[in-house]
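Working notes, structure below.
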Amino acid sequence: MANLDNHPRPTDSIMDIETTLIRDFGFNEFLARKLATQLGSESIRLAKAEGEPPKKSLRVNTLKTTDERLLSRLRVRGFELSKIDWVKHGYWIESSPNRPSAGATHEYLFGHYFLQSPVSMLIAESVEPPAGGTILDLAAGVGGKSTHLCQIMMNAGALVAVEPRRERVSALRSNLSRMGCTNAVVLQMDGRSVSNLGIKFDAVLLDAPCTATGLLGIYPRLKQRTTEDDLTQLQRLQASLLERAWEVLAPGGALVYSTCSLLKDEGEEVISRAVELGGKTETLPIIKAGIGFPHVPGRIKNSVRFYRHLHNLEGFFVCKIRKPIEFPS
Amino acid sequence: MQDQETHRISKLRRLDPKERAAVVEELARNGSPVLPTYPMLIHDLRYKELLIYPPTSSKVEGLSVQLSRLHNVYFSGLYGGSFRGQKFHISMDFAEYLYLGGHWTSVLKVDEVDERAFLYGRDISLPSSALEARRTYLVLGPSADVLGLARIDPKRMRLLNLIDKGWYLRRGH
């Protein structure tokens, strides 16, 4: 266990912080330097908070059931849930029985819920797909946000879910099926080729591939494994995907960009390129009127950041941008 | 990282008359005599898949056809089933969809013990002798949850598990 008494105080140098991150928390030099430079002594608090996996949460799938029905069924199985008031169908799993686990109940198999972090739920909600619209999920992964978008769209309109990796596409299909989603088209392709589709989308979600440094509590090995090369390659991929996403977004449409990374290289730096690309591009608040949620403002107007040590949430960066209506094609 | 892009393109197409007849036959055998009016497409892979587009998702059909001309549409709409030779085998998703719409009558309910066994992929004892061997049954749990599809083995007096929702867990996702 780390002894916090020896940890640097806010006035200590970046080098001291870096040393502490390496010595007491097992970070490699590269990531320790990145976090120490970006967050200062906050990075020590963050590293301490990431010592344990985050609290689990689930999203009720209203395509299959209702909040009340699911809550009542899971209560019988020994689960205790509490509402997350800033996402629509999100619940914390306060306690659960030894068996079945939350990922193995009958209700899970029936598609009544999806195990998902509240920030991921918020990101999908932030897309606010227009009724009957055509929406793009450019890095769909296994479909956590895709299935949520289908739910929000009530299976109307169309969701195009793009994912290049075979094993993930297979899991994506399985999740769409389990969750009762019928309005999705799954394309196995590199998202950087999306402009070849010849379609303009009313809204785009780009939850970009990233270093996943916001998930160190779940994947502690990333503290050792994340390298400068990884970051450089991923940043290039993120920028490229963002440019393509921007191209296929219809004028007047909105793009939500997110990463589960703590590093501004994968958040603010990437998004600032899109803001430059767009001329009169406007960033939009991702908070719906009257619904507040724990976050800190990002360095780009209206963008938000989530930190484990401040919010007890996975680390994320989220920004929403609207494409001007008079955008030259 | 983005990798392993598959370039195999399979266009989606409408059903030919034989395929349509095979679907009608399977539905009729299971108490769903009318072919649904919503669109259906065939996905030609190593085998043939049927994809269904329910009324709320009708926009997806046109988009899928358009995209499949040049791109690898891995999946779209609702999985309807597959063809083996000329015979059509309905999927659990399609049977459930028809059942919820009141168009699938081959249904049987099992108790809690059999529900658990069935969701583990096991065959179970016949809950009733008044079942027809030629039908495909949608198996429901005690709370009327859809558990999967089954056929009758009249010799062993067993309900044969064709597919069940435990598959979602067993396949590792």
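Quick note on labels: first sequence line is chain A, next is B, and so on, each numbered from 1.
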Please determine whether the number of non-hydrogen atoms from other residues, nucleotides or ligands lying under 6.0 Å from atom [atom1] of [X] exceeds 12.
{"X": "B:Tyr120", "atom1": "OH", "answer": "no"}
{"X": "B:Lys155", "atom1": "NZ", "answer": "no"}
{"X": "A:Glu228", "atom1": "CD", "answer": "no"}

Rounded at 0.5 Å granularity, tell me how far [atom1] in [X] sits from [atom2] in [Y].
{"X": "B:Leu63", "Y": "A:Ile199", "atom1": "CG", "atom2": "CD1", "value": "4.5 Å"}
{"X": "A:Leu159", "Y": "B:Ser76", "atom1": "CG", "atom2": "OG", "value": "11.5 Å"}
{"X": "B:Leu119", "Y": "A:His106", "atom1": "CG", "atom2": "NE2", "value": "4.5 Å"}
{"X": "A:Thr182", "Y": "B:Tyr38", "atom1": "OG1", "atom2": "OH", "value": "10.5 Å"}
{"X": "B:Gln66", "Y": "A:Leu197", "atom1": "CD", "atom2": "CG", "value": "9.0 Å"}
{"X": "A:Arg69", "Y": "B:Ser143", "atom1": "CZ", "atom2": "OG", "value": "11.0 Å"}

Inset, instruction - Considering only heavy atoms and a distance below 4.5 Å, find which of A:Ala158, A:Ala156, A:Ser177, A:Gly103 pairs most often with chain B. - result: A:Ser177
Legend entry - Residue selection (most heavy-atom pairs with chain B, distance under 4.5 Å) from A:Gly157, A:Cys150, A:Gly180, A:Gly198: A:Gly157
Legend entry - pair B:Val73-A:Gln188: side-chain heavy atoms closer than 4.5 Å: no
Legend entry - Contact summary for B:Leu169 and A:Tyr108, nearest pair of heavy atoms: CD1-CE2, 4.3 Å
Inset, instruction - For B:His71 and A:Asn196, work out which heavy atoms get closest and say how close. - result: NE2-O, 3.4 Å
Inset, instruction - Inspect the contact between B:Glu96 and A:Lys64 and indicate whether a charged nitrogen and a carboxylate oxygen are less than 4.0 angstrom apart. - result: yes
Inset, instruction - For chain A, find which of B:Leu67, B:Leu78, B:Leu147 contributes the most heavy-atom pairs closer than 4.5 angstrom. - result: B:Leu67
Inset, instruction - Flag this pair as yes if the NZ/CZ of A:Arg166 is under 6.0 angstrom from the six-membered ring centre of B:Tyr74 and inside a 45 degree cone about the axis; otherwise no. - result: no
Legend entry - Close contacts, residues 55-62 of chain B versus chain A, judged by heavy atoms under 4.5 Å: B:Thr56, B:Ser57, B:Lys59, B:Val60
Legend entry - Audit row: B:Asp93, A:Arg178, salt bridge (charged side-chain N to carboxylate O under 4.0 Å, His left out) steps and yes/no: CA-CA 9 Å; B:Asp93 291 350; A:Arg178 180 172 68 86; over 6 Å; no
Inset, instruction - Measure distances from A:Arg168 to the heavy atoms of chain B and classify the residue's part below 4.5 Å as side chain, backbone, both or neither. - result: neither
